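Each remark here refers to the structure printed beneath this line.
Note that the structure is a prediction, hence the values are computed from the model and not measured. By convention here, the first residue in the shown sequence is residue 1. Both counts, for ligands and for their atoms, begin at 1 and track the order of listing.
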Amino acid sequence: MRFFDKYKICAKQNKSLLCIGLDNADFEFIKKIIDETHDLVCAYKPNSAFYEAGGAKGIETLKKVCMYIQKNYPEIPIILDAKRGDIGNTNEQYAKFAFEYLQVDAITLHPYQGLGALAPFEKYQDKGLIALVKTSNPESSELQDMKLENGKMVWEQVLEEVVKRDGGKGQWGVVVGATHPEEMKMARKMIGNMVVLVPGVGAQGAKVEDILNDETSNGLDMIINVGRSILQASDPRQAAKEVQLLTINYSAQKE
Ligand code: BMP
């Protein structure tokens, strides 16, 4: 099944736009988080860095986390947050790791080397490709907000290119940080129903209410990632439930 279809089914079923960031390479801890929250999420997003940091053992844990979700909660899509992007020949290997070894449903990608260079990822037609457009970190303006000769900012141009590249196929999505609610509104106008992966809620200071309003959401078009503020909560299920409840009206709205 195609990633964005799987996400929509899961979001409707669990009435949630919450994606939990599985950014911790302690398998037993992550297993517990998954078991406690599987009915509250629309996706899980392990960030590869937290696993790579542990060397071979970390990669093994990442594989174990993916297998655990795939075996016990196969309806929940997994987004590998690895922000890959290189020349085409190298991207083939990155794609193999994500889609053949880990068998995840989607991956985050850097568009800096050109969207054409990302074609090896597109060959896996059921997999979702999520391009960085306007990132949540405070430094994002350094390059992303630079004005081009045509008057657009770099991130707007990147967004347009991603929409063009997708051509209505529904394989591509974009990252826009929750810390940029104005840009979120602008982006929403430019992308129709394309799905936005939204990091920045919780530890980075943004609130779900900042971005989930009629101007920014059409319903099943956002994947709101929350990592630390759920993983480090004294009651992670309760923390997840609070975010899920805020997203419930939006996730129930649309096909
Ligand atoms: P947290 O909720 O703990 O801040 O986690 C955010 C997650 O989303 C991290 O894995 C981070 O690398 C990722 N991320 C982000 O914070 N901002 C972006 O613009 C893009 C990301 O993928």
note = Any heavy atom of N225 under 4.0 Å from ligand 1? The part involved is side chain

ask   = Where's the contact between T135 and ligand 1, heavy-atom distance under 4.0 Å: side chain, backbone, both or neither?
value = both

Residue that, paired with D39, satisfies side chain to side chain donor-acceptor pair (under 3.5 Å) out of Q13, K241, R237 = R237

Aromatic ring pairing Y73/Y68, orientation class (parallel under 30°, perpendicular over 60°, tilted between) = perpendicular

Considering heavy atoms of the protein only, find what lies nearest to [atom] and give residue, atom and distance to 0.1 Å.
{"atom": "atom 6 (C) of ligand 1", "value": "Q204 NE2, 3.5 Å"}
{"atom": "atom 10 (O) of ligand 1", "value": "D23 OD2, 2.7 Å"}
{"atom": "atom 17 (N) of ligand 1", "value": "S136 OG, 2.7 Å"}
{"atom": "atom 11 (C) of ligand 1", "value": "N47 ND2, 3.9 Å"}
{"atom": "atom 8 (O) of ligand 1", "value": "K45 NZ, 3.3 Å"}

key: Distance filter under 4.0 Å to D81 heavy atoms, resulting ligand 1 atoms   = 10 (O), 13 (C), 21 (C), 22 (O)

ask   = With atoms numbered from 1 as shown, which atoms in ligand 1 lie under 4.0 angstrom from a non-hydrogen atom of R228?
value = 1 (P), 2 (O), 3 (O), 4 (O)

remark   = By salt bridge (Lys or Arg N to Asp or Glu O under 4.0 Å), K185 pairs with (sequence neighbours left out) E182, E215

ask   = What pairs with K96 under salt bridge (Lys or Arg N to Asp or Glu O under 4.0 Å), at least two apart in sequence or on another chain?
value = none

ask   = For atom 20 (C) of ligand 1, which candidate among P199, A203, G227 holds the nearest heavy atom?
value = P199

query = Between K134 and D145, does at least one N-O distance fall below 4.0 Å, as a salt bridge requires?
reply = yes

request  = Answer yes if F4 and M1 sit in the same cluster of Ile, Leu, Val, Met, Phe, Trp and Tyr residues linked by side chain heavy atoms under 4.5 Å apart, and no otherwise.
outcome  = no

request  = Quickly, which of K45, R2, K6 forms a salt bridge (charged side-chain N to carboxylate O under 4.0 Å, His left out) with D105? Name it, please.
outcome  = K6

query = Does K83 come within less than 4.0 Å of ligand 1, judged by its heavy atoms?
reply = yes

query = Can any side-chain N or O of H110 pair as donor or acceptor with the backbone N or O of L132 at less than 3.5 Å?
reply = no

